[in-house]
Amino acid sequence: MIRYQRNTSLLPYNTFGVDAEASHLFFLESPAGLTDLLDFPGFRKMSDDMSNLLVLGQGSNILFTDDFHGVVIRNEITGINKADEDESSVIVEAGSGVTWNDLVDFAVNRGWWGIENLALIPGTVGAAPVQNIGAYGVEAADVILRVNAFHLEKKEWLVLENNECGFGYRDSIFKRELRNKSIICSVVFRLSKKVRPMLDYSGIREELERMNISEPSARDISSAVASIRRSKLPDPETLGNAGSFFKNPVVAEPEYRSLVTKYPHLKAHRQGDFFKIPAAWLIELAGWKGYRAGSTGCYEKQPLILVNYGGATGRQVLALSEKIQESVVALFGIYLEREVNVF
Ligand code: EPU
């Protein structure tokens with residue numbers, strides 16, 4: 001029997017720490033529980049033909065601005081298994097409810113390479129393909145082999161190979177065509193047994209030097225990344241937040257050139273014909289870094305992160321984010337797209 005609660009506070013289930021209520025909350029503990037879910041009396045009616053359905057991992061990329069009048073499914077499917085291996089690589093399957101950093105630890109403790117740069121990203125394995133999590137020069141899409149999901153409307157299993165997931169920068173098919181339609185149950189990764197350090201993102205080499213390490217193991221890199229993250233990013237356990245609130249905007253060359261002419265210190269990353277501009281830099285220049293209004297604010301060490309100092313409502317956070325968007329548009333003509341999902 002599936003665990004079910006009515007009119008339940010989602011406060012413990014979102015890292016922003018805002019209070020909102022779910023009309024219906026289910027706890028999915030195994031893929032087999034999907035049958036119980038679909039057979040649950042009145043399930044179809046509750047979820048309004050699935051248009052009002054939300055699958056929640058650890059709620060680390062979400063902002064509730066109101067009660068959720070529908071069905072929330074909290075994913076608690078666990079388990080990490082080595083599925084296969086050859087001389088150079090290993091195939092690992094992880095349940096979608098596994099804490100992402102537990103998977104990173106599992107891999108680096110065995111000397112398997114590929115996700116060490118993604119250490120300490122909050123959230124679950126199931127969220128990794130949804131927003132194609134990324135940090136320090138690596139994205140989940142670089143190591144995901146396939147995703148196993150269940151299509152709630154068609155009631156059938158989906159096996160999506162990497163190239164069928166529509167991965168982009170913080171984007172995938174699960175955010176678009178399959179939004180509210182599927183539940184990811186496990187993710188299969190291909191990791192490398194061969195030493196494969198990726199140290200180009202600024203700050204990693206410096207941190208390893210500080211640690212006196214010249215030939216880092218995967219574990220050393222995950223420790224270095226974890227320490228950089230701890231120094232820059234607020235721990236949601238102590239300060240409510242959902243990581244980067246906005247995506248880094250990507251602009252065409254003429255727009256980039258005119259920005260550099262005005263701001264010669266701008267550090268952008270070229271991406272083919274386009275340039276990725278650090279949103280944190282735009283927000284800082286617009287004067288928001290360290291800004292605080294009541295219980296919401298813009299984090300003092302990384303202005304791309306909006307925080308809840310305690311007791312903020314989702315609407316207050318959203319209002320601050322809109323003010324930031326407006327002022328960045330007014331100053332630079334660039335619209336910052338949200339990374340966090342707002343409900
Ligand atoms: N910057 C500032 N002021 C600051 C901080 C940063 O101007 O106070 C500028 C600097 O130019 C700096 C640049 O922003 O070089 C990049 O900063 P950082 O390395 O901290 O990364 P980010 O682009 O702001 C992205 C991801 C993070 C990820 C880091 C590290 C997005 C939206 N965010 O942030 O991911 O941890 O890179 O790789 O792509 C998340 O998605 O929730 C997240 C935290």
Side-chain angles (χ1 to χ4, degrees), residues 61 113-118 121 127-147 160-179 189-190 192 196-206 225 228 232-233 242-286 288-289 302-306 321-322 324-342:
N61 200 37
W113 295 78
I115 52 176
E116 58 284 353
N117 293 40
L118 305 179
I121 292 186
V130 178
Q131 72 245 26
N132 185 16
I133 58 170
Y136 302 96
V138 175
E139 282 182 346
D142 302 337
V143 283
I144 289 176
L145 190 59
R146 72 179 70 92
V147 176
L160 288 111
E161 300 298 327
N162 180 299
N163 63 2
E164 296 172 305
C165 293
F167 286 129
Y169 167 56
R170 294 295 190 278
D171 197 24
S172 77
I173 192 169
F174 306 103
K175 272 187 144 179
R176 293 178 269 112
E177 293 89 330
L178 290 177
R179 193 186 185 101
F189 299 86
R190 186 196 293 281
S192 173
R196 221 185 61 167
M198 283 159 291
L199 307 175
D200 290 340
Y201 199 93
S202 87
I204 301 191
R205 284 179 208 278
E206 292 79 350
V225 166
I228 301 171
K232 278 195 190 170
L233 309 177
S244 303
F245 198 89
F246 304 103
K247 292 184 196 179
N248 286 324
V250 175
V251 303
E253 183 146 3
E255 221 175 331
Y256 165 72
R257 295 273 162 235
S258 79
L259 270 174
V260 176
T261 312
K262 221 168 151 195
Y263 305 97
H265 298 299
L266 168 63
K267 278 189 262 162
H269 295 278
R270 186 185 255 284
Q271 291 199 322
D273 291 340
F274 294 87
F275 291 82
K276 199 190 252 183
I277 311 289
W281 179 84
L282 300 171
I283 299 170
E284 181 170 349
L285 250 74
W288 293 101
K289 187 171 177 171
Q302 210 333 342
L304 190 47
I305 296 174
L306 302 191
S321 80
E322 286 167 349
I324 293 173
Q325 282 171 318
E326 280 162 25
S327 76
V328 169
V329 166
L331 201 57
F332 303 102
I334 294 178
Y335 176 72
L336 294 178
E337 221 181 284
R338 278 198 300 261
E339 211 242 291
V340 166
N341 296 301
V342 173

**Student:** Please enumerate all residues that pass ring pair (Phe, Tyr, Trp, His ring centres under 6.0 Å) together with Tyr201, with sequence neighbours excluded.
**Tutor:** Tyr136
**Student:** Asp142 vs Glu139, test: side chain to side chain contact (heavy atoms under 4.5 Å, CB included). Steps then yes/no.
**Tutor:** CA-CA 6 Å; Asp142 302 337; Glu139 282 182 346; 4.0 Å; yes
**Student:** List the atom of Ala135, the atom of Ile121, and the distance in Å for their closest heavy-atom pair.
**Tutor:**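 Looks like CB-CD1, 4.0 Å.
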**Student:** Could you pull out the closest heavy-atom pair between Val340 and Ser244, with the gap in Å?
**Tutor:** CG2-O, 3.6 Å
**Student:** For Phe189, enumerate each residue passing the ring pair (Phe, Tyr, Trp, His ring centres under 6.0 Å) test, keeping only those at least two apart in sequence or located in another chain.
**Tutor:**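 Phe189 satisfies ring pair (Phe, Tyr, Trp, His ring centres under 6.0 Å) with Trp100 only.
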**Student:** Can you tell if the side chain of Ile115 reaches within under 4.5 Å of the side chain of Val138, non-hydrogen atoms only?
**Tutor:**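 They are not in side-chain contact.
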**Student:** Do Ile283 and Ser327 have side chains that get closer than 4.5 Å, going by heavy atoms?
**Tutor:** no
**Student:** For Gln325, check side chain to side chain donor-acceptor pair (under 3.5 Å) against everything at least two apart and list the hits.
**Tutor:**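 Side chain to side chain donor-acceptor pair (under 3.5 Å) check on Gln325 returns Tyr335.
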**Student:** Using the ring centroid of each side chain, check whether Tyr263 and Phe332 are separated by less than 6.0 Å.
**Tutor:** yes
**Student:** Among residues at least two apart in sequence or on other chains, which ones pass salt bridge (Lys or Arg N to Asp or Glu O under 4.0 Å) with Arg205?
**Tutor:**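 Scan of Arg205 (salt bridge (Lys or Arg N to Asp or Glu O under 4.0 Å), adjacent residues dropped) gives Asp200.
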**Student:** Side chain to side chain contact (heavy atoms under 4.5 Å, CB included) with Asn162: which residues, sequence neighbours excluded?
**Tutor:** Ile144, Phe167
**Student:** Kindly list each side-chain donor-acceptor pair under 3.5 angstrom involving residues 247-262, sequence neighbours excluded, with atom names and distances?
**Tutor:**
| from | atom 1 | to | atom 2 | distance (Å) |
| --- | --- | --- | --- | --- |
| Lys247 | NZ | Glu337 | OE2 | 3.3 |
| Asn248 | OD1 | Ala279 | N | 2.9 |
| Glu253 | OE2 | Arg257 | NE | 3.2 |
| Glu253 | OE2 | Arg257 | NH2 | 2.8 |
| Ser258 | OG | Glu255 | O | 3.2 |
| Thr261 | OG1 | Arg257 | O | 2.7 |

**Student:** Would you please name every residue forming a side chain to side chain contact (heavy atoms under 4.5 Å, CB included) with Leu178, sequence neighbours left out?
**Tutor:** His151, Leu158, Leu160, Ile173, Phe174, Ser182
**Student:** Under the salt bridge (charged side-chain N to carboxylate O under 4.0 Å, His left out) definition, can you give me all pairs with a residue in residues 160-174, not counting sequence neighbours?
**Tutor:**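 Checked against salt bridge (charged side-chain N to carboxylate O under 4.0 Å, His left out) - neighbours excluded - the pairs reaching residues 160-174 are Arg146-Glu161, Arg170-Glu339, Asp171-Arg176.
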**Student:** Could you walk me through whether Phe246 and Ile324 satisfy the side chain to side chain contact (heavy atoms under 4.5 Å, CB included) test, starting with their C-alpha distance in whole Å, then the side-chain angles of each, then the deciding distance to 0.1 Å, before giving a yes or no?
**Tutor:** CA-CA 10 Å; Phe246 304 103; Ile324 293 173; 4.0 Å; yes
**Student:** Apply side chain to side chain contact (heavy atoms under 4.5 Å, CB included) to residues Tyr169 and Gln271 and explain how you reach the verdict.
**Tutor:** CA-CA 11 Å; Tyr169 167 56; Gln271 291 199 322; 5.7 Å; no
**Student:** Output all residues satisfying ring pair (Phe, Tyr, Trp, His ring centres under 6.0 Å) with Trp288, sequence neighbours left out; order by chain, then residue number.
**Tutor:** Tyr291
**Student:** Could you check whether any side-chain heavy atom of Pro303 comes within less than 4.5 Å of a side-chain heavy atom of Trp281, counting everything from C-beta outward?
**Tutor:** no
**Student:** Are any of the side-chain heavy atoms of Asn61 and Val130 separated by less than 4.5 Å?
**Tutor:** no
